[in-house]
Number of protein chains: 2
Amino acid sequence: MVQSTALLVRERGVEATSFSDVLAHSGAPRGSIYHHFPGGKAQLIEEATRYAGDFIAAGLASSLDQLDPVAALREFCSSWREVLRSSDFAAGCPVVAATVEGERLPSASEAAAASFASWEHLLAHAIQRHGQTAERASSLATLVIAAIEGAVVLARAQRSVAPFDRVAEELEDLLVAAMTDG
Amino acid sequence: MVQSTALLVRERGVEATSFSDVLAHSGAPRGSIYHHFPGGKAQLIEEATRYAGDFIAAGLASSLDQLDPVAALREFCSSWREVLRSSDFAAGCPVVAATVEGERLPSASEAAAASFASWEHLLAHAIQRHGQTAERASSLATLVIAAIEGAVVLARAQRSVAPFDRVAEELEDLLVAAMTDG
DNA sequence: GTCTATACGAAGATAGAC
DNA sequence: GTCTATCTTCGTATAGAC
């Protein structure tokens, strides 16, 4: 159910994702909602945001564990490209959706903030381990996360991977340059 | 009314912005809606997205007309920082909101795509005029727009300008380097 | 031609049956 | 303790009054 919610939110957004949609997608019975989620929709969205954020963090951590930051970035971009392509540009990032519509759901916003922060930290630490200062690593990590999330939005709007690919290549070049200097 | 819609959408998102909210904010009478917007909410959102996109494009064009790309970027970032600060991180970009929730409103998505494209082109042409190749200028422009939009999302989630400032500084450094090389 | 009042549908939430 | 059926609220859209 949490997973279904995350999948639906990344396509439709938070407000446009109803319980009926989630039930139809997950196959769960109607009565289960308030048993498992006494906090109602706010709780469901919060858990879905946390789930999605943790899922993405796990993938990123795994890449950074096995590869250098540049190769991990390439893999990260590749998985986002696949999300865009396989959904015909209907799907984006559920954590972004939770932020953009999160004014009414503070708990979801907090989960989104925690997710973004964890991705930034994972990347920043990896860049730092490969020879950058903590400060520069933090700036680069934030830039990479922000640019990729923004690029996903641009790609969805324009229904093309072209903007995403341009951003991915610029980021890769920038990271290569940053890791080989100093 | 269109302006009120854009202001509300950038805070609450598309679906959470009702006609009642727009009427209360703009002072317009209820009966005017379907007279001025026969296409209903879809048309209102589309026009609000176009309005916001054109407004931002006008500011960007004006900056690029008077200043070099780096200084224009600084001004662009400054105005986004003001949006974040003055709303206490409640407000973001209505064009992003229209994209993220735009699955159900294709006309709004198209308006969003056109807005993003126009910002990219304005920036790309300016960078090209200052000595970069068309291809590189296009990549840099897309990166700048994507990164700033992403940074606005991160800043809202974390309720802090810190991520936005890190992104702004990285972008500025990158643009400076790109304009002085080759 | 402009607005008030209403209808229709869907959303989230709950109370009672098994 | 788990689910089906219902209740209330609200949002969009419209039909009719001025």
Side-chain angles (χ1 to χ4, degrees), chain A residues 1-52 90 94 97-112, chain B residues 1-52 90 94 97-112:
Chain A
M1 227 174 140
V2 169
Q3 188 182 349
S4 290
T5 304
L7 289 172
L8 292 172
V9 165
R10 72 179 185 173
E11 295 192 8
R12 310 176 188 191
V14 173
E15 295 289 331
T17 299
S18 68
F19 279 131
S20 304
D21 296 331
V22 173
L23 296 176
H25 187 276
S26 65
R30 191 155 204 84
S32 315
I33 298 176
Y34 287 88
H35 176 68
H36 296 290
F37 304 95
K41 189 170 180 179
Q43 185 182 352
L44 177 61
I45 297 295
E46 176 190 348
E47 292 194 21
T49 304
R50 200 187 313 279
Y51 168 83
T99 303
V100 170
E101 304 179 68
E103 183 73 355
R104 289 169 139 187
L105 304 163
S107 58
S109 276
E110 285 171 34
Chain B
M1 224 173 143
V2 169
Q3 187 182 350
S4 290
T5 303
L7 289 173
L8 293 171
V9 165
R10 72 179 185 172
E11 295 191 8
R12 310 176 189 190
V14 173
E15 294 290 331
T17 300
S18 68
F19 279 132
S20 304
D21 296 331
V22 173
L23 296 176
H25 187 275
S26 65
R30 191 155 204 85
S32 315
I33 298 177
Y34 288 87
H35 176 68
H36 295 290
F37 304 95
K41 190 170 179 178
Q43 185 182 353
L44 177 61
I45 298 295
E46 176 191 348
E47 293 194 20
T49 304
R50 200 186 313 279
Y51 168 82
T99 303
V100 170
E101 304 179 67
E103 183 72 356
R104 288 168 140 188
L105 304 163
S107 58
S109 276
E110 285 171 34

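Quick note on labels: first sequence line is chain A, next is B, and so on, each numbered from 1. Remember, it's a predicted structure, so these values are computed and weren't measured experimentally. Note that these values count all heavy atoms, side chains included, but never hydrogens, waters or copies made by symmetry.
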Is a side-chain N or O of B:K41 found less than 3.5 angstrom from the main chain of B:T17, in a donor-acceptor match? yes

Counterpart residues, side chain to side chain donor-acceptor pair (under 3.5 Å), relative to B:E47 (two or more places apart): B:Q43

Which donor-acceptor pairs under 3.5 Å do side chains of residues 8-15 of chain A form with protein atoms, sequence neighbours excluded?
from  : atom 1 : to    : atom 2 : distance (Å)
A:R12 : NH1    : A:D21 : OD1    : 3.4
A:R12 : NH1    : A:D21 : OD2    : 2.9

With sequence neighbours excluded, give me every salt bridge (charged side-chain N to carboxylate O under 4.0 Å, His left out) pair touching residues 22-35 of chain A. none

To the nearest angstrom, how far is A:H35 atom NE2 from C:dA15 atom C1'? 17 Å

A:Q43 CD to C:dG12 P, in whole Å, measures 15 Å

Got a sec, which residues hit side chain to side chain contact (heavy atoms under 4.5 Å, CB included) with B:S26, two or more places apart in sequence or on another chain? B:M1, B:S4, B:V22, B:A28

For the helix from C:dG1-D:dC18 to C:dC18-D:dG1, what angle lies between the axis at the first five pairs and the axis at the last five pairs, to 10 degrees? 10°

Identify, with sequence neighbours excluded, every residue that meets salt bridge (charged side-chain N to carboxylate O under 4.0 Å, His left out) alongside A:E46. A:R50

Partners passing side chain to side chain donor-acceptor pair (under 3.5 Å) against B:H35 (at least two apart in sequence or in another chain): none

OP1 or OP2 of C:dC3 under 4.0 Å from side-chain N/O of B:S32: yes

Contacts of B:E103 that satisfy side chain to side chain donor-acceptor pair (under 3.5 Å) - sequence neighbours left out: none

Contact string for nucleotides 11-18 of chain D, one letter per nucleotide 5' to 3', B = base within protein heavy-atom range under 4.0 Å, S = sugar-phosphate only, - = neither, reads SBBB----

